[in-house]
Novice: 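I have a structure I would like to understand better, so I am pasting it below and will then ask my questions one at a time.
As the structure lists them, so they are numbered: ligands from 1, and atoms in each ligand from 1. Because the structure is predicted, anything quoted here is derived from the model rather than measured.
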Amino acid sequence: MKLVRTVHELRAWRTARTGSTIGFVPTMGYLHAGHLALVRRARAENDEVVVSIFVNPLQFGPHEDYERYPRDLARDLRLLEPEGVELVFAPPVEEMYPPGFATAVEVRGPLAERLEGAARPGHFRGVATVVTRLLNLVQPHRAYFGWKDAQQVLVVRRVVQDLALPVEIVAVPTVREADGLAMSSRNVYLSADERAAAAALPRALFAALARFQEGERDAEVLRQLVHAALAQTPVRLDYVSVSDRETFQELAQVDRPALLLVAAWVGTTRLIDNVPLDPVPA
Ligand code: PAF
């Protein structure tokens, strides 16, 4: 496994690869089992796998956790070593955004402006910009993203389609802890008590999903079920949404593929999660 820090080294490595298919897993590091699921999928579907590790300042708001976001490159490399990864690209900020860097990629409309886009202004501009630059640098055949960040998956797919980037975006199901909590690098922020309390979030989602599977199609009923399930817990909902899986419009009836999405605070940590709602056609 080779580690490169510069665009120059990455390009030299990529130029030497002509016949092989490349799978790419972009990450912000502090890897967990969810990232490793992306790497394994990339490994299974491509000749060579590239992982990037870069905590992207552009996608953090001024009062967010950019400075304290967990970073441990040595640990990440130890986790990746047995996974058959060919290349790790871990650039410093100046390498990704050299002096004079002035371009942004922005997706307009509800897809990027609702939910996470509303809660974190500028977030998806930062994500779209860094992902576009990374895709141009790595030039992968396929790039792998987790469904945990469902809105991010759809924003990236929009960018790839609109800018005609020659890459397939593969979305991989969320990996969960034994108690259902979605894997996230931010889970390390939780104290032991908060960590125990956080399991209420997936429990609420899965309770609503069970009602959906029993036939409930009224989106407001599903949203209220999540509110009710969390009412007596330390989990403070930021939003609960039933959104169209293509357009991200809020739905009144779940009559098409949708997502039940939540964002919530546990102490000072903001967590997001979602489950797919797949109405079976009658
Ligand atoms: O999902 C993430 O870790 C980040 O948003 C990504 C896709 C690596 C872009 O910085």
Novice: Under 3.5 Å, N or O to N or O, is Q152 touching ligand 1 that way?
Specialist: yes
Novice: Can you name the atoms of ligand 1, numbered from 1 with element, that are less than 4.0 Å from a heavy atom of V130?
Specialist: 9 (C), 10 (O)
Novice: Classify the side-chain pair N56/Y69 by whether it contains a donor and acceptor separated by less than 3.5 Å.
Specialist: no
Novice: Given that the side chain starts at C-beta and the backbone is N, CA, C, O, which of these parts of V156 lies under 4.0 Å from ligand 1, counting heavy atoms, or is it both or neither?
Specialist: neither
Novice: Is the cationic atom of R71 (NZ for Lys, CZ for Arg) positioned less than 6.0 Å from the six-membered ring centroid of Y30 and within 45 degrees of its normal?
Specialist: no
Novice: Apply the side chain to side chain contact (heavy atoms under 4.5 Å, CB included) test between R43 and each candidate in V49, L36, V85; give the one that qualifies.
Specialist: V49
Novice: Using a plain distance cutoff, I'd like to know if N56 has any nitrogen or oxygen under 3.5 Å from a nitrogen or oxygen of ligand 1.
Specialist: no
Novice: Which ligand 1 atoms are under 4.0 Å away from a heavy-atom of T27?
Specialist: 8 (C)
Novice: Considering non-hydrogen atoms of the protein only, which is the closest contact for atom 3 (O) of ligand 1, and what is the distance?
Specialist: M28 CG, 3.5 Å
Novice: Test R78 against D72 for salt bridge (Lys or Arg N to Asp or Glu O under 4.0 Å), laying out the working first.
Specialist: CA-CA 10 Å; R78 274 199 308 278; D72 189 341; 5.3 Å; no
Novice: What atoms of ligand 1 come closer than 4.0 angstrom to any heavy atom of F145?
Specialist: 7 (C)
Novice: Among D179, N187, T269, which residue satisfies the side-chain hydrogen bond (donor to acceptor under 3.5 Å, both in side chains) criterion with R195?
Specialist: D179
Novice: Return the closest protein heavy atom for atom 10 (O) of ligand 1 as residue, atom name and distance.
Specialist: Q59 OE1, 2.6 Å
Novice: Could you tell me whether D273 and R176 have a side-chain N and a carboxylate O separated by less than 4.0 Å?
Specialist: yes
